[in-house]
Amino acid sequence: MVPAGFPSPASDDQEDTVDPFAWVVRHEAATFWWRVSGDSLVDEGICDGDLVAVDRAGKARPGRIVVAVVDGGVTIKQLTRRDGELWLMPRSRGGDFKPIKVTEDTQLWGVVAGVVRRYPID
């Protein structure tokens with residue numbers, strides 16, 4: 001763990017080395033990476049351009065972020081149960097994003113296991 005304050009050089013050798021990709025990926029053979037396009041999940045901390053690790057072995061349960069195929073297109077949304085039915089819900093106060101009802105034709109490709117974001121450094 002690291003505090004969000006000034007780092008102490010004296011504590012550099014107290015932590016084990018962490019591989020962030022290994023930390024995010026739980027089922028290596030079942031995980032693929034997907035680049036996010038759009039802002040429908042910004043309230044969940046997932047933004048346009050982010051990379052998400054999608055775990056096909058993960059359990060698609062209400063409350064989890066999933067990658068799904070709907071009408072031939074790929075989308076990433078939060079799986080939600082509403083009135084006994086499953087829905088793919090956007091999580092963004094901005095934009096014109098609409099819920100998508102999960103039907104027998106909807107394919108759930110996997111569960112988002114983690115997100116990677118790159119910031120400009122120049």
Side-chain angles (χ1 to χ4, degrees):
M1 302 293 242
V2 84
F6 184 75
S8 171
S11 65
D12 284 349
D13 62 351
Q14 293 180 2
E15 295 271 341
D16 291 332
T17 301
V18 176
D19 177 352
F21 291 103
W23 184 70
V24 167
V25 175
R26 274 76 125 205
H27 305 105
E28 187 174 352
T31 300
F32 64 93
W33 292 87
W34 196 273
R35 186 172 306 278
V36 174
S37 175
D39 293 317
S40 69
L41 289 172
V42 294
D43 291 350
E44 291 292 324
I46 300 174
C47 302
D48 185 60
D50 286 351
L51 288 176
V52 291
V54 181
D55 190 332
R56 292 183 61 89
K59 305 290 185 235
R61 296 182 179 139
R64 295 198 173 156
I65 305 298
V66 298
V67 173
V69 178
V70 178
D71 296 329
V74 179
T75 189
I76 178 173
K77 300 283 185 279
Q78 184 181 57
L79 187 62
T80 305
R81 185 174 305 279
R82 192 170 75 186
D83 299 326
E85 297 178 318
L86 290 175
W87 291 81
L88 299 171
M89 300 294 290
R91 292 292 181 230
S92 178
R93 285 178 231 129
D96 187 27
F97 306 110
K98 302 207 181 327
I100 302 167
K101 185 176 178 182
V102 175
T103 68
E104 66 231 15
D105 295 326
T106 304
Q107 298 174 33
L108 299 181
W109 275 6
V111 177
V112 172
V115 61
V116 177
R117 178 172 304 132
R118 197 162 120 173
Y119 294 103
I121 58 171
D122 42 64

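For reference, positions follow the sequence shown, starting with 1.
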Identify whether [X] and [Y] are in the same connected component of the hydrophobic contact network (ILVMFWY, side-chain heavy atoms under 4.5 Å).
X	Y	answer
Ile76	Leu88	no
Val115	Trp33	no
Val69	Ile100	no
Leu108	Val74	no
Val66	Val116	no

### Message
Looking at every heavy atom in both Pro99 and Arg82, which two are closest together, and how far apart are they?
### Response
CG-NH1, 4.3 Å
### Considering all heavy atoms, the nearest Val18-Pro20 contact
O-CD, 3.3 Å
Side-chain donor/acceptor pairs under 3.5 Å, residues 36-48, sequence neighbours excluded:
residue	atom	partner	partner atom	Å
Ser40	OG	Lys77	NZ	3.2
Asp43	OD2	Arg93	N	3.1
Asp48	OD1	Gly38	N	2.7

### Task
Could you tell me the separation between the CH2 atom of Trp34 and the CH2 atom of Trp109, rounded to the nearest 0.5 Å?
4.5 Å
### Task
Answer yes or no: are there more than 12 heavy-atom neighbours, outside Asp71 itself, under 6.0 Å from its atom CG?
no
### Query
Do Arg64 and Leu79 have side chains that get closer than 4.5 Å, going by heavy atoms?
no
### Query
Less than 4.5 Å apart, any side-chain heavy atom of Thr31 and any of Val54?
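Sidechains of Val54 and Thr31: no contact.
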### Test salt bridge (charged side-chain N to carboxylate O under 4.0 Å, His left out) applied to Asp96 - qualifying residues, sequence neighbours left out
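Per chain and number, Asp96 pairs via salt bridge (charged side-chain N to carboxylate O under 4.0 Å, His left out) with Lys98.
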### Query
Looking at Leu86, Val70, Thr80, which one forms a side chain to side chain contact (heavy atoms under 4.5 Å, CB included) with Val102?
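Answer to the side chain to side chain contact (heavy atoms under 4.5 Å, CB included) test with Val102 among Leu86, Val70, Thr80: Leu86.
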Sequence neighbours left out, cut at 3.5 Å: what donor-acceptor pairs do the side chains of residues 21-30 make with other protein atoms?
residue	atom	partner	partner atom	Å
Arg26	NH1	Val24	O	2.7
Arg26	NH1	Ala113	O	3.2
His27	ND1	Asp55	OD1	3.3
His27	ND1	Asp55	OD2	2.7

